[in-house]
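Heads up: the structure comes next, in structure tokens.
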2 protein chains.
Amino acid sequence: MNDEQKLDRIDRKILSILQSNARISNQQLSEEVGLSPSSCLKRTRRLEDAGLLGPYLASINLDSLCRSVTVLATVVLKDHTKEAFIAFQKHANSIPEVLECYMVSGSFDFFLRIVAADMNSYNHINDRLLDSDVGVLKVSSHVVLNQSKSFEGFPLERLL
Amino acid sequence: MNDEQKLDRIDRKILSILQSNARISNQQLSEEVGLSPSSCLKRTRRLEDAGLLGPYLASINLDSLCRSVTVLATVVLKDHTKEAFIAFQKHANSIPEVLECYMVSGSFDFFLRIVAADMNSYNHINDRLLDSDVGVLKVSSHVVLNQSKSFEGFPLERLL
DNA sequence: CTTGAAAAATTTAAGAA
DNA sequence: TTCTTAAATTTTTCAAG
């Protein structure tokens, strides 16, 4: 079933390049990794089929498009049972404005990244997170004033 | 200089589609938004040139590629001067494993998302963040146990 | 696993509306 | 701004090494 861990230097290079330039043509990609276009394409497809690569996302400059409020929220649950964790995740994930949901160790149970049209809108989301049946003890909201570094891919050279 | 705010329904649709499917062909994109391929391409280029669209990123399944540790860290600075904030951001941004850096209001000054090969590696990064000349009072590290929702684009229909 | 060539499809620029 | 047309480029397949 599991045919992974066959990543050679070229596969890594493909992943690394596509990570930050997903619209590169296969032809140019093949040049940069030193393969023929057809071989390169085959490798890319294999990586995709193995679930290692994709989906492909376009970044958009939200601030230039519209006003919005980004909030990073820490969440503590009342009960630390498996069921409580699952129930909260399901609820949080169902809210479109919740962009990311991390379960963490330490003094909080979850970190959420939330984007809303304005503070009033965020308030509604905050209320939903505190709905009685979700088991939330506390939500601390931290409004983002400034983002000095945005995600642009993992540092594979440090990780692989 | 500034020729924005001319986004019509079609521009929004283009942004919305590309956000979650950056490798769609221009031909298919044009069908979905109801334009000819050339008109559609022209709009996409205009959005790119206006800085509203791009770069294009490929997601990769890091967990399937290798073991790694993701940590969400909250940071409090010693001094809350403008210079101190700038100095810290510059330092944090220079660390490849720091994927994102948010300046926030509330009980913390910054949130960082950090990915490291292992705990030992994270320790080094933590040490660097605490370097005496950076002005950090406290770093609280929260190891990610589980990510139940990953970023897949902004909910434009809620924001625009 | 690779190459290289051919066929299919797409991108892109130019001209007309 | 849009579309149509046509050329240039790219993707994709496939036979062969």
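To find a chain, count down the sequence lines: A is the first, B the second, and so on, and within it residues start at 1.
In this structure, B:R43 does not reach the D:dT1 phosphate: none of its side-chain N or O atoms is under 4.0 Å from OP1 or OP2.
Here D:dT1 presents its P atom at 8 Å from CG of B:D11, a figure rounded to the nearest Å. Put simply, CG on B:L41 is 13 Å from P on D:dC3, counting in whole angstrom units. Distance B:N26 CG to C:dT12 P: 7 Å, rounded to the nearest Å. Computed from coordinates, the A:L35 CG to C:dC1 P distance equals 11 Å when rounded to whole Å. Between B:R23 atom CZ and C:dT11 atom P there is a gap of 11 Å when expressed in whole angstrom units. The CZ-P distance, from A:R45 to D:dT10, rounds to 16 Å in whole Å. Between the C1' atom of D:dT9 and the CD atom of B:Q27 lies a distance of 14 Å, rounded to the nearest Å. Here D:dT2 presents its C1' atom at 17 Å from CD of B:E31, a figure rounded to the nearest Å.
Among the atoms of the strands shown, base atoms are found under 4.0 Å from some heavy atom of A:S39. When heavy atoms are screened at a 4.0 angstrom cut-off, B:S36 is found touching base atoms of the nucleic acid.
A salt bridge between B:R43 and B:D11 is present, with a side-chain N of the basic residue lying under 4.0 Å from a carboxylate O of the acidic one.
Taking every side-chain heavy atom of B:K42 into account, D:dT2 is the closest of D:dT2, C:dT2, D:dT11.
Side-chain contact between A:L129 and A:V134 is absent, with no heavy atoms from C-beta onward closer than 4.5 Å.
Side-chain atoms of B:S38 and base atoms of D:dT4 include a donor and an acceptor less than 3.5 Å apart.
Between the side chain of B:D109 and the backbone N or O of B:F85 there is no donor-acceptor pair closer than 3.5 Å.
Side chains of B:E31 and B:Q27: no donor on one and acceptor on the other come within 3.5 Å.
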